[in-house]
Amino acid sequence: MIDVWWMFREHMAGTTDPSISTVVRALGDTAVFHKRAEQPGPWVVPVERGEAGLDLSPEVMAAYDAPFHTPEAKAGARQWPSLVPTDPEMEGADIGMQTVEALGNWEKPAFVLYSDWDPITHGARDGLREIIPSAGHQPDVWIEGSGHFLQEEAGEKIAGEIVAFVDRT
């Protein structure tokens, strides 16, 4: 796992009342992560102070926060990062390996679409294209200038890429 993942995991484990919209804004702003990599410290601080972050309207931020209206409702969001297997011996890692095996046998068209600045999954994209046999038959596309939340940052662009994929297949 990359350093940003560990920063995210540590942040979520260390708070009882995280702002979900702040986490979304931080994961969508690549500058936050590049700056945090150079200057260690709490990775959401610049976002909390309004100095950085994905530009979301108050209405969109409220929608991200709505399901997580109490600290108790945020328990799953806080726990989730610690459940992602980071070692082959961890619970759930076997499911991940079964998924990789199934994807390796996939014969239907597949289109792998990632952003070029996703701080969490950026490094996994080429490996995924190599695992899925039919992915190599599709264009090698990166959504440029976007972070982790493509639907917020490049919705029209990814919609266009998906429509083009459907038209090709």
Side-chain angles (χ1 to χ4, degrees), residues 1-14 18 20-44 46-47 52-54 56 64 76-166 168-169:
M1 292 291 199
I2 60 176
D3 289 345
V4 170
W5 169 255
W6 295 109
M7 286 190 282
F8 168 64
R9 181 178 169 168
E10 183 178 304
H11 171 75
M12 294 304 284
I20 301 303
S21 62
T22 298
V23 170
V24 170
R25 289 182 61 230
L27 287 171
D29 188 339
T30 59
V32 169
F33 290 100
H34 292 287
K35 193 175 287 184
R36 291 296 94 201
E38 296 166 8
Q39 304 168 3
W43 65 277
V44 297
V47 179
L54 181 62
L56 299 176
Y64 273 111
R78 288 192 322 270
Q79 185 67 22
W80 175 78
S82 67
L83 299 175
V84 173
T86 56
D87 180 287
E89 301 302 315
M90 285 182 71
E91 184 176 342
D94 60 328
I95 296 169
M97 295 308 297
Q98 291 169 18
T99 302
V100 169
E101 184 177 334
L103 288 173
N105 295 318
W106 187 259
E107 295 178 5
K108 296 177 183 173
F111 183 45
V112 176
L113 192 60
Y114 275 71
S115 75
D116 61 343
W117 285 101
D118 186 330
I120 302 294
T121 65
H122 177 82
R125 180 229 181 229
D126 290 343
L128 184 58
R129 277 183 56 90
E130 291 171 11
I131 290 167
I132 305 171
S134 60
H137 302 283
Q138 298 299 321
D140 187 4
V141 176
W142 287 96
I143 301 299
E144 295 182 7
S146 295
H148 190 67
F149 291 94
L150 287 176
Q151 73 278 11
E152 294 293 351
E153 301 170 70
E156 290 182 25
K157 175 75 173 157
I158 63 171
E161 293 292 348
I162 292 168
V163 167
F165 167 68
V166 170
R168 285 191 304 272
T169 58

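Only heavy atoms go into these numbers, but all of them, side chains included; no hydrogens, no water, no symmetry mates.
- Counting non-hydrogen atoms of neighbouring residues, nucleotides and ligands closer than 6.0 angstrom, the CD atom of Gln151 exceeds 12 such neighbours.
- In terms of modelled atom types and a separation under 3.5 Å, the side chain of Trp142 and the main chain of Glu144 share no donor-acceptor contact.
- How far OG1 of Thr99 is from CG of Asp94: 9.5 Å, rounded to the nearest 0.5 Å.
- For Asp87 against Ala93, the heavy-atom pair with the smallest separation is O-CB, 3.6 Å.
- Of the inter-residue distances, the one linking Asn105 atom CG with Glu107 atom CD reads 7.5 Å to the nearest 0.5 angstrom.
- Of all heavy-atom pairs between Pro139 and Phe111, the closest is O-CE1, 3.6 Å.
- Pro81 approaches Ala77 most closely through the heavy-atom pair CD-O, 3.3 Å.
- Scanning both residues, Gly92 and Pro85, for their nearest heavy atoms gives C-CG, 3.7 Å.
- Residue Leu83 holds its CG atom at 8.5 Å from CD of Glu91, rounded to the nearest 0.5 Å.
- To the nearest 0.5 Å, atom OG1 of residue Thr22 and atom CG of residue Leu56 are 9.5 Å apart.
- Under the 4.5 Å side-chain criterion, counting only non-hydrogen atoms from C-beta, Ile143 is not in contact with Glu153.
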Exercise for the section: In sequence, state the C-alpha distance, the side-chain angles, and the governing distance for Arg9 and Ser82, and then conclude on side chain to side chain contact (heavy atoms under 4.5 Å, CB included). Expected result: CA-CA 7 Å; Arg9 181 178 169 168; Ser82 67; 4.0 Å; yes

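- Pro109 is not listed as a side-chain neighbour of Arg168, based on a closest heavy-atom distance of 4.5 Å or more.
- Heavy atoms only, all atoms of each residue included: Ser134 and Ala110 are closest at OG-N, 3.3 Å.
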Practice task
Report the C-alpha separation of Phe165 and Gln138 in whole Å, then their side-chain angles, then the decisive distance to 0.1 Å, and conclude whether the side chain to side chain contact (heavy atoms under 4.5 Å, CB included) test is met.
Solution key: CA-CA 8 Å; Phe165 167 68; Gln138 298 299 321; 3.6 Å; yes

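- Atom CD of Glu161 is separated from atom CD of Glu156 by 13.0 Å, given to the nearest 0.5 angstrom.
- Here the straight-line distance linking atom CD of Glu101 with atom CG of Leu103 works out to 10.5 Å at 0.5 Å rounding.
- Within 6.0 Å of CE in Met97 there are 12 or fewer heavy atoms belonging to other residues, nucleotides or ligands.
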